[in-house]
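Owing to the predicted nature of the structure, the values given are computational and were not obtained by experimental measurement. In what follows, chains are A, B, ... by sequence order, proteins preceding strands, each numbered from 1.
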Amino acid sequence: MRSLFLFNLFATMRSDFGWAYIMVAYTIKRLLLALLVAVTVSFMSFMLLRLTGDPAAALAGESATESQVAFVREQYGLDKPLLVQYISWVARALKGDFGESHYFMQPVSTIIAGRLGVTLTLGGCALVFAILLAIPMGILAAIRPNSWIDRLALTISVIGQAMPSFFFGLALIIVFGVVLRMLPISGNATWRHFILPSIALGYYATPAFMRLTRSGMLEVLSSDYIRTARAKGLRTSSILFKHALRNAIIPVVSLSAVQFGFMLGGSLVIETVFAINGVGFLGYQSIARSDLPMVQAIVLMVSMFYVVLTFCSDLLNAFLDPRMRVN
Amino acid sequence: MSQPIPEIVYPSPRQIMIRRTLTHKGFLIGAIMLLLISAAALLAPVLSPYDPYNQDLSRRMINPVWHENGSWEHPLGTDNLGRDYLSRLMYGARISLLLGGCAMLISGVIGTSLGIAAGYFGGRVDMVVGFLITARLSMPVVLVALAVVALIGSSLNVIIWVLGLLIWDRFAVVMRASTQQLREMDYVNAAKAIGCSTLRVLVSEILPNVFNNLIVVATLEIAHAILLEAALSFLGMGVQPPLPSWGLMVAEGKEFMLFSPWVIFIPGTVLSLLVLAINLMGDGIRDITAPEGRS
Amino acid sequence: MTTLLNIRALYVNISLSAGMLHAVRDVSFHVERGETLCLVGESGCGKSLTALAVMDILPSRSVRWAEQITLEGQDLQNLKDRHMSDLRGSRMAMIFQEPMTSLNPCYTIGNQLEETLRRHRSASRREARDRAVFLLEKVGITAAGTRLKQYPHQLSGGLRQRVMIAMSLMCGPALIIADEPTTALDVTIQAQILSLLSSLQKEFGMGMIFITHDLGIVARIATRVAVMYCGMVVETGVVGEIFHSPLHPYTQGLLACLPVPGKTRPGEHLGSIPGMVPTPIGDFSGCMFRNRCSHAMEECCHESIELYRVSVERAYRCLLSKETCLANHMTQKD
């Protein structure tokens with residue numbers, strides 16, 4: 001939907017100057033959208049967290065007295081009207097100040113920044129795993145549709161989508177960590193610690209990639225230019241990889257960006273199962289500790305990542321489609 | 001004078017659909033599995049050998065029947081509080097199906113209304129709904145659901161509503177696309193021309209024709225809701241003990257899984273089977289009603 | 001000199017859910033060097049599938065069988081695909097109908113031209129590039145050097161078809177199969193492409209199979225003609241004889257549909273063939289044209305009708321005798 005819009009934009013450009021102008025206009029439009037999403041998501045999570053519980057009581061602790069709770073409330077400005085609280089939160093957020101963690105007694109942004117690298121690494125490895133597994137299977141399934149390979153790929157994908165991620169993670173731990181003793185099962189000290197979690201996080205995206213590769217290849221393989229390539233007597237590998245895949249892979253690349261965004265959001269369960277010190281695990285712990293500023297900041301950050309990644313995905317789609325290229 | 005060349009006779013659409021349904025292996029397998037699990041859930045009070053809440057500390061951690069010390073008295077063993085696993089599984093099925101179904105209904109109503117409105121009216125309505133979908137997709141669902149349940153409290157009602165309010169996006173996207181396709185059809189224009197109110201057009205012309213897609217999405221979203229509930233329960237913010245949610249059973253069994261892996265494998269496998277059955281049925285329905293979509 | 005291409009009793013079957021489609025049945029013809037054989041027929045009569053069967057690039061689910069398929073004396077039937085692909089593009093090449101979609105949009109024209117030569121002759125990039133430039137100029141494309149770096153979407157349909165022609169000539173094939181190469185182009189471009197093909201053929205001496213449904217094109221470039229109907233060859237002959245004295249009722253009907261400048265008077269009804277082309281699914285017997293033939297007889301339903309050879313180059317598939325056919329044609333003309 002959005003990429004079609006971008007496609008049309010590029011297709012109507014006439015001069016270099018026009019191109020630049022259109023690009024700038026499009027970027028501004030997407031930035032505004034991102035801003036709007038940020039405001040909506042942050043507002044909703046802000047209101048939700050404030051309205052569904054008493055943060056002052058949560059902060060003060062279970063054994064606090066009335067006056068202690070009231071004191072906490074005043075101290076943190078929780079007695080002001082909600083809208084005022086939100087606006088002051090936004091004002092500080094724009095400067096990069098997301099408040100102080102109730103638990104760590106340190107700025108939220110510092111703590112998140114410290115954990116972000118781990119989650120991004122995990123997401124990246126999971127994406128790589130998903131793609132490495134899905135694309136060859138998708139290609140094989142497309143070459144021999146309705147054969148046993150196709151059915152096997154379909155079965156793997158169907159089963160993969162049925163298993164809950166926490167169960168798959170635990171099963172991996174038991175099989176590879178305990179029974180076979182091949183890999184470590186918790187923490188994130190070495191690169192080996194990332195193997196099992198990456199598999200657990202990535203396999204859920206594998207079916208989507210595989211189906212996309214398969215359908216893309218099937219469509220491309222029945223196209224006229226592949227028929228021309230066969231008539232020219234090109235070798236099968238050349239037809240498959242040079243001609244077919246180059247066209248079929250375009251939607252896969254742009255899907256990768258979106259899936260990466262989903263993985264960042266969905267890393268919570270995996271990080272908790274494998275005790276990985278990333279942002280997801282931090283989010284889970286913060287909820288358990290009622291550390292509201294942290295939770296809000298994480299929700300906002302994940303949603304911003306997603307919006308930026310979908311923007312990149314549309315850009316990738318537009319760039320890779322050769323009909324866009326004008327010298 | 002000369003014999004005519006024989007015509008080819010094609011079967012009627014209904015015959016085609018019945019034939020497709022009966023020969024679609026995936027659909028049949030899924031339907032049978034779902035039937036079995038639903039039967040177990042419905043008849044749990046009758047069929048289950050024990051009371052799932054009945055703790056018997058003298059019978060803790062008995063192995064299931066395929067281990068050395070197992071017996072047919074507790075075919076799937078007992079958990080760390082002496083409760084029979086088989087009974088807990090059967091009652092757990094009720095919880096999964098109930099929560100999944102209700103959450104699907106809520107999200108279905110929200111998503112379908114938004115999607116059809118966006119697809120039918122277009123313009124600004126479409127823009128607003130599109131924006132809402134983007135905002136919803138950008139939110140980390142598990143995190144937000146956890147946070148809300150943690151703050152409000154985790155009764156079954158809360159879980160159902162939280163899930164329902166968070167997973168409507170697929171409904172909206174699919175219904176929007178289907179409605180857009182139908183908007184230009186002649187019978188819609190005809191209904192408008194004879195003066196049907198918008199609501200009438202939506203209900204009597206559009207809704208029946210997007211029904212196929214709706215059913216497919218609904219089945220897939222039940223599975224989605226079930227998986228989400230299991231994840232929430234596993235993380236401790238879902239169904240609370242002593243209720244036998246399968247996700248909760250995995251969490252409870254986690255500390256014993258290194259020595260008795262069956263504690264988590266049994267509920268996990270059954271969960272996977274239920275979701276698998278539902279997904280197979282959903283895919284099957286999609287193939288049966290619109291096989292042109294398949295490559 | 002051996003015949004360039006010899007096809008005898010070619011069959012192509014496609015399995016559909018409704019039954020087995022006999023798309024091509026008992027098709028036989030031959031092509032010599034330097035001459036053009038035109039395969040004529042309506043859409044769906046199996047001419048394109050015949051061409052694809054010769055090149056062995058049929059769509060999946062299709063099966064071909066023939067008594068004989070030989071190219072320059074070499075049997076093509078039992079070749080492994082690896083060896084067959086060595087021949088495709090180098091000894092025989094094909095030009096397709098839709099120039100807009102027949103080129104890969106992701107690669108430059110030069111890349112797609114050169115890869116043929118580099119695949120078959122292990123040529124270096126320099127050699128391949130030089131040959132590409134040479135052929136582009138031969139097909140009438142100026143500024144060939146610049147064109148090589150362009151992408152397909154930057155060229156018009158006529159230019160793309162010229163590129164396709166150049167691409168087919170890269171390895172100097174002995175046989176060119178052109179599947180309706182001008183149908184998707186404007187009329188003025190059509191004429192240019194046709195004369196280009198004729199001149200190239202004279203210069204390089206290839207044999208050509210030209211598939212079309214346009215009898216006007218047949219009159220212009222054919223040496224010999226094979227008329228196809230419903231998957232079968234119903235008449236073959238030298239082009240002059242086919243136009244002057246067609247034997248098969250279908251050929252006669254086709255020619256009667258054409259207005260003839262000078263002869264057809266204004267207000268006169270153009271001929272037409274009543275009925276529709278049947279779909280050859282499943283088993284059947286007799287002549288497939290009998291429903292639309294004004295001379296059909298009882299026997300046309302039952303017997304399977306062979307291709308009756310009148311002379312070396314002349315054959316037709318009908319139970320009526322040659323004299324009766326010619327007489328029918330005379331009465332039809334008046």
Side-chain angles (χ1 to χ4, degrees), chain A residues 1 33 36-38 40-41 44-45 48-49 51-55 58 142 145 154 158-159 161-168 170-171 173-174 178-179 214-215 218-219 258 261-262 264-269 272-273 280 283-284 286-288 290 292 295-296 298-299 302-307 310, chain B residues 26 30 130-132 134-144 146-153 158 173 176-177 220 223-224 226-232 234-237 246-247 250-251 253-254 257-259 261 264-265 267-269 271-280 283 294-295:
Chain A
M1 191 174 79
L33 178 71
L36 209 53
V37 171
T40 311
V41 171
M44 274 172 45
S45 61
L48 216 49
L49 294 177
L51 291 171
T52 53
D54 185 7
L154 190 65
V158 160
I159 293 183
Q161 294 223 285
M163 274 207 281
S165 50
F166 60 89
F167 176 52
F168 189 50
L170 289 176
I173 289 180
I174 291 182
V178 177
V179 173
R214 179 183 179 276
S215 66
L218 273 178
E219 191 187 316
V258 174
F262 283 138
L264 290 182
S267 64
L268 186 148
V269 176
T272 309
V273 167
Y284 174 62
S286 305
I287 291 175
S290 301
L292 294 183
V295 177
Q296 259 171 254
I298 294 180
V299 169
V302 172
S303 71
M304 280 302 95
F305 259 108
Y306 175 83
V307 173
T310 35
Chain B
F131 167 74
L132 284 176
T134 310
R136 149 59 199 96
L137 281 176
S138 71
M139 282 200 295
V141 176
V142 181
L143 190 60
V144 170
L146 277 181
V148 172
V149 173
L151 285 170
I152 301 185
V158 169
V173 167
R176 177 182 170 278
L220 297 176
H224 188 195
I226 292 179
L227 282 176
L228 262 184
E229 177 271 316
L232 285 182
F234 172 75
L235 292 171
M237 301 294 182
W246 289 339
V250 175
K254 202 167 81 134
M257 76 176 187
L258 298 181
F259 301 105
I264 64 157
F265 269 109
T269 312
L271 196 51
S272 311
L273 286 178
L274 176 61
V275 173
L276 180 66
I278 299 177
N279 281 343
L280 282 176
D283 285 342
R294 212 186 192 203
S295 309

With a 4.5 Å cut-off on heavy-atom pairs, point out which of A:Ala162, A:Gly261, A:Gly280 contacts chain B the most. A:Ala162

Counting heavy-atom pairs under 4.5 Å with chain A, which one of B:Leu271, B:Leu235, B:Asn279 comes out on top? B:Leu235

Side chain, backbone, both or neither: which part of A:Gln161 has a non-hydrogen atom closer than 4.5 Å to chain B? both

Under 4.5 Å from any heavy atom of chain B - which part of A:Val299: both

Heavy-atom pair with the smallest gap, counting every atom of A:Ile173 and B:Met257: CG2-CE, 4.0 Å

Proximal component of A:Met44, with respect to chain B [non-hydrogen, under 4.5 Å]: side chain

Spatial distance of atom CG (B:Leu146) from atom OG1 (A:Thr272) [nearest 0.5 Å]: 8.0 Å

Answer yes or no: is there a side-chain heavy-atom contact under 4.5 Å between A:Ile287 and B:Leu143? yes

Checking heavy atoms, do the side chain of A:Leu36, its backbone, both or neither come under 4.5 Å from chain B? both

By a 4.5 Å heavy-atom criterion (distance strictly below it), what part of B:Ala223 contacts chain A: side chain, backbone, both, or neither? neither

Option in A:Pro164, A:Gly265, A:Ser286 with maximal non-hydrogen atom pairs under 4.5 Å from chain B: A:Pro164

Using side-chain contact (heavy atoms from CB on, under 4.5 Å) as the criterion, point out the one residue from A:Val37, A:Thr310, A:Val302 that pairs with B:Ser138. A:Val37

What I'd like to find out is whether the side chain of A:Val273 reaches to under 4.5 Å of the side chain of B:Phe234, using heavy atoms alone. yes

Could you label the plane-to-plane angle of the A:Phe167 and B:Phe265 rings as parallel, tilted or perpendicular, counting under 30° as parallel and over 60° as perpendicular? perpendicular

Cut-off 4.5 Å, heavy atoms of chain B, and the answer for A:Phe168 is neither

Among B:Thr269, B:Leu132, B:Leu280, B:Val144, who wins on heavy-atom pairs under 4.5 Å with chain A? B:Thr269

Please state whether the side chain, the backbone, both or neither of B:Leu137 comes within less than 4.5 Å of a heavy atom of chain A. both

Top contributor to chain A interface from B:Gly247, B:Pro261, B:Ala230, B:Ala150 [non-hydrogen pairs under 4.5 Å]: B:Ala230

